[in-house]
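To start, the structure itself, in structure tokens.
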Amino acid sequence: MSEDLLGSGAASEAGAHDERTRRLEKVEALRAAGIDPYPVRFDRTTDAGALRARFGHLEPGTETDEEVAIAGRVLLLRRQGRLSFATIRDGSGAIQLFVSEGEIGAERHTEFDGFDLGDWIGVEGTVMTTRKGELSIKVRGFRLLAKALRPLPDKWHGLSDTDTRFRQRYVDLVVNEDARRVFAVRFAVLAAIREYLAGRGFVEVETPVLHDQAGGAAARPFLTHHNALDMDLVLRIALELHLKRLIVAGFDRVFEIGRVFRNEGLSTRHNPEFTMLELYEAFVDYGEMMTLTEELVAHCARTATGSTVVDLDGAPLELAPPWRRLTLRDAIREHAGVDVHPSMPVADVRALCDRLDVPYEASWGSGKLMLEIYEKTTEHRVRGPVFILDYPREVSPLARVHRDDPLLTERFEVIIGGRELANAFSELNDPIDQRERFEAQAGLAAAGDEEAHGVDEDYLRAMEYGLPPTGGLGIGVDRLVMLLAGVSSIREVILFPQLRPESPSGGADGDGGA
RNA sequence: GCGCCGCUAGCUCAACUGGUUAGAGCAACAGACUCUUAAUCUGUAGGUUCAGGGUUCGAGUCCCUGGCGGCGUACCA
């Protein structure tokens, strides 16, 4: 009978076949002996972390009367004749099992030794420490909770092949301590953001992922289709326009932490779906957004890592406020040695681009050229943290015109380690101005710019009901986590990053975009 | 998209300038062992060297095509 079992699943992975076969035979043997290898539940009384917290300071060689039941995955087995040690781990940490033949008898001890690395087991016994002081559970009873059929990777080296690590993240997280650490940082950052914003009166909301029109950012969207309505939809590329509708509705402070989707290339800094934090606060301008940003990031750093100092490219970087504030114009002056302003004639700015070796397109105005000069000469050299202020109006269709300069907007980006971490502005709340900006964007779209989008009439209608003065902020959560966890690839902070399909099937995937 | 680099046992890695039967640790299997902790010790088994083609007396190694990945670059308000 076992032949059928063996033939079916493992055929494609001949290498693992022997080990898998062996374990399948154990499953059959257990069933034959009336033992369910996949029982329905196990009632544990504690976990490894709680035991460590409570008994972590027991003297070596201590025996207690504390009876516990605990469950975990077998990670290490040290069989030593009539005494066995095992290390199991649950969600809170690892703990050692002390399994003595004198305690449970030869037959049960042999059964215990039949467990394989990777199996889930539940045990009961008493808390003790070994002579060397290792906190352990002296096992009185045990049972298999789930038989693992596949062997875990090398217990010391773990998995190193990045492809396998990302495709089989469930294995990566079992065997690679650093992967677990990075995601612990991520989850702490998310909790810290919510805690900080809740403390300041922000309400967390959820807005649609399926949009009938892309907007709120410059990016190519993913396309999809709703069958019942027979209409094409796009996956959102930003949270912005719905959140500002909610400010119109009368929410003073809202935020959303949500997935956005951009149909772009993959890199160490880009995944096609990623997590944005966007927040909007009525009656304030981008000045308050700066204060909020530096406090929020410092709070996240403290909560998730215990310090406001992170390692950036091998050197410490202080994230505690206040951060330097520098206008875009001054930043360019500082790093590129030229003075640019959107009021300059296009020909003059083009001449500067030529001099600085910055490529450009004929359709670009002075504002876009200015931004391009910044991005090519300055941004990647800024270590930060620094607020870069006052971007050209031409490249900021949702930001309010600067109070002192009609060609600029009240907008800032946060740069840390040469990368954009946040983007914020005093929101544009003049519906007439907004319509003009949308129409300019629509013109670009009509001219072939696939990242520009058309006029969002419903958003304009909302604005016509009155959007109060508002400050808005967007933070790339994945990049924030990268910074705080000290990793250089966005794939390290996304549980299941986008990869090519595993099987080289005869792909009918000519153009993924459409 | 383009360029460079990589892919060897289940896992982590070796294999000189193209040269004998592709090696080692972990995992596995058989055995010893009641305070180990990457347990240790003895023995055994385990390979389509990513795939396909080519050059050569001889290919893990050189060439071509393809697959997957990494890095860089392009793209990325």
Side-chain angles (χ1 to χ4, degrees), chain A residues 10 13-23 60-61 75-87 94-103 106 109 116-118 128-136 138 149-168 171 175-176 216-220 237-238 240 262-272 274 359 367-368 371-372 374-375 391-399 409 411 413 419-420 423 425 437 441 444 449-453 474 476 488-489 491 499-507:
Chain A
E13 290 178 55
H17 191 74
D18 288 343
E19 176 68 4
R20 194 164 171 278
T21 302
R22 225 196 85 247
R23 295 190 182 204
L75 292 178
L76 296 170
L77 277 170
R78 295 178 289 281
R79 288 176 270 228
Q80 196 175 304
R82 288 186 288 283
L83 177 66
S84 298
F85 296 92
T87 303
I95 194 156
Q96 175 168 276
L97 306 181
F98 181 99
V99 189
S100 162
E101 186 179 303
E103 198 72 19
H109 186 253
D116 288 300
L117 299 184
M128 61 166 284
T129 53
T130 63
R131 284 176 207 160
K132 296 264 177 65
E134 180 77 27
L135 182 63
S136 307
K138 179 182 269 187
L149 298 181
R150 295 173 184 260
L152 290 173
D154 189 288
K155 66 187 178 187
W156 187 243
H157 299 99
L159 269 179
S160 75
D161 182 67
T162 49
D163 184 32
T164 310
R165 285 188 51 227
F166 297 148
R167 284 189 203 284
Q168 299 185 36
V171 176
V175 297
N176 288 340
R220 293 175 62 184
I237 57 174
E240 175 143 359
R262 297 186 183 178
N263 210 336
E264 295 159 354
L266 291 78
S267 79
T268 49
R269 287 171 292 282
H270 298 87
N271 196 65
F274 60 101
K368 171 72 175 166
L371 182 67
E372 206 63 19
Y374 162 74
E375 287 182 349
Y391 285 64
R393 179 181 151 135
E394 181 184 345
V395 295
S396 312
L398 298 162
T409 56
R411 172 181 167 193
E413 290 189 356
R419 295 174 196 157
E420 176 191 341
N423 182 22
F425 20 92
R437 311 268 198 108
Q441 291 293 304
L444 294 177
D449 184 343
E450 293 184 89
E451 293 170 359
H453 306 291
S488 57
S489 168
R491 293 176 180 181
L499 300 170
R500 284 192 162 79
E502 191 164 4
S503 56
S505 56

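Sequence lines set the chain letters: A, B, ... in the order given, protein chains first and strands last, and positions in each chain run from 1. Below, all heavy atoms of this structure are taken into account, side chains as well, without hydrogens, waters or symmetry copies.
- Between A/Phe166 atom CZ and B/rC68 atom P there is a gap of 17 Å when expressed in whole angstrom units.
- Residue contacts for A/Gln80: at a heavy-atom cut-off of 4.0 Å it reaches a base atom on one of the strands shown.
- B/rG69 atom P lies 14 Å from atom CD of A/Gln168, rounded to whole Å.
- Rounded to a whole angstrom, the distance from the P atom of B/rC62 to that of B/rC7 is 10 Å.
- If you check every strand for non-hydrogen atoms under 4.0 Å, A/Tyr391 touches nothing.
- Nearest heavy-atom pair across A/Arg165 and A/Leu159 is CD-O, 3.5 Å.
- B/rG3 and B/rA14: their P atoms are spaced 27 Å apart (whole Å).
- Toward the 5′ end of RNA chain B lies the nearest nucleotide of A/Leu499, the other residue of the pair A/Leu499 and A/His453 mapping further downstream.
- Comparing B/rA22 with B/rG47, their C1' atoms are spaced 8 Å from each other, to the whole Å.
- Contact record, A/Val175 with A/Pro153: CG1-CD, 3.8 Å, taken as the closest heavy-atom pair.
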Check: protein-nucleotides 24-27 of chain B nitrogen or oxygen pairs below 3.5 Å:
{"unit_1": "B/rG25", "atom_1": "N2", "unit_2": "A/Asp154", "atom_2": "OD2", "d": "2.6"}
{"unit_1": "B/rC26", "atom_1": "O3'", "unit_2": "A/Lys155", "atom_2": "NZ", "d": "3.4"}
{"unit_1": "B/rA27", "atom_1": "OP1", "unit_2": "A/Lys155", "atom_2": "NZ", "d": "2.6"}

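- As a whole-Å value, the separation of A/Phe98 CZ from B/rA39 P is 17 Å.
- Inter-residue side-chain proximity for A/Leu75 and A/Lys155 is flagged as unmet; no heavy-atom pair is nearer than 4.5 Å.
- B/rA45 and B/rA59 have their C1' atoms separated by 27 Å, with the value rounded to a whole Å.
- Listed candidates were B/rG69, B/rA39, B/rU12. Nearest to the side chain of A/Ser160 is B/rU12.
- A salt bridge links A/Glu450 with A/Arg220: the distance from a Lys NZ or Arg NE/NH1/NH2 to an Asp or Glu carboxylate oxygen falls below 4.0 Å.
- A donor-acceptor contact under 3.5 Å is formed by the side chain of A/Gln441 with the base of B/rA77.
- When distances are taken from the side chain of A/Leu76 to each of B/rC68, B/rA38, B/rC35, the shortest belongs to B/rA38.
- A/Thr164 pairs by the side-chain hydrogen bond (donor to acceptor under 3.5 Å, both in side chains) definition with A/Asp161, not counting sequence neighbours.
- Residue-level contact check: A/Glu420 touches neither bases nor backbone, having no heavy atom under 4.0 Å from any strand.
- Whole-Å rounding puts the A/Gln96 CD to B/rC35 C1' distance at 8 Å.
- Comparing B/rA27 with B/rG18, their C1' atoms are spaced 34 Å from each other, to the whole Å.
- Using a 4.0 Å heavy-atom cutoff across all strands shown, A/Thr268 reaches sugar-phosphate atoms only and no base atom.
- Closest approach to the A/Ala218 side chain among B/rA74, B/rA77, B/rG72 is made by B/rA77 (side chain taken as heavy atoms from C-beta onward).
- Nearest heavy-atom pair across A/Thr130 and A/Gln96 is CG2-NE2, 3.5 Å.
- The same atom, P, is picked in B/rC71 and in B/rA32; the two are 49 Å apart, to the nearest Å.
- One finds a side-chain N or O of A/Arg22 lying less than 4.0 angstrom from the OP1 or OP2 phosphate oxygen of B/rC29.
- Rounded to a whole angstrom, the distance from the P atom of B/rC5 to that of B/rC41 is 41 Å.
- Closest approach of A/Gly158 to A/Asn176, counting heavy atoms only: CA-OD1, 3.5 Å.
- Taking A/Arg79 as the reference, nothing meets the salt bridge (Lys or Arg N to Asp or Glu O under 4.0 Å) condition, with sequence neighbours excluded.
- Counting non-hydrogen atoms under 4.0 angstrom, A/Leu398 reaches nothing in the nucleic acid.
- Residue A/Ser100 has its side chain nearest to B/rU34 when only B/rU34, B/rG69, B/rC29 are considered.
- Comparing the P positions of B/rU61 and B/rA39 gives an interatomic distance of 37 Å, to the nearest angstrom.
- Of all non-hydrogen atoms in A/Leu266 and A/Pro272, the two that sit nearest each other are CG-CD, 4.0 Å.
- Contacts of A/Gly61 with the nucleic acid, taken as non-hydrogen atoms under 4.0 Å apart, are absent.
- As judged by a 4.0 angstrom heavy-atom cut-off over every strand, A/Arg411 is placed among residues touching the sugar-phosphate backbone only.
- When distances run from any side-chain atom of A/Pro153 to the nucleotides B/rC11, B/rA77, B/rG69, the shortest one goes to B/rC11.
- Judged as a salt bridge (Lys or Arg N to Asp or Glu O under 4.0 Å), and not counting sequence neighbours, A/Glu451 has no contacts.
- Using a 4.0 Å heavy-atom criterion, one finds that A/Ala219 contacts no nucleic acid atom at all.
- Out of B/rC35, B/rU12, B/rA77, the shortest distance to the side chain of A/Thr130 is found at B/rC35.
- If you take CZ of A/Phe425 and C1' of B/rA77, they are 8 Å apart, rounded to a whole angstrom.
- Helical stems in RNA chain B, defined as runs of 3 or more consecutive Watson-Crick or G-U wobble pairs with donor-acceptor distances under 3.5 Å: B:1-7 with B:67-73, B:10-13 with B:23-26, B:28-32 with B:40-44, B:50-54 with B:62-66.
- Contact annotation: A/Arg167 side-chain N/O to B/rG69 OP1/OP2 distance is under 4.0 Å.
- B/rC13 atom C1' lies 13 Å from atom CG of A/Asp161, rounded to whole Å.
- Looking at every heavy atom in both residues, A/Ala219 comes nearest to A/Ile237 through O-CD1, 3.8 Å.
- The separation between A/Arg82 atom CZ and B/rA39 atom P is 21 Å, rounded to whole Å.
- Summarising the geometry, the separation between CG on A/Leu97 and C1' on B/rU37 is reported as 12 Å, rounded to the nearest angstrom.
- In this structure, A/Arg262 has no salt bridge (Lys or Arg N to Asp or Glu O under 4.0 Å) partners at least two apart in sequence or on a different chain.
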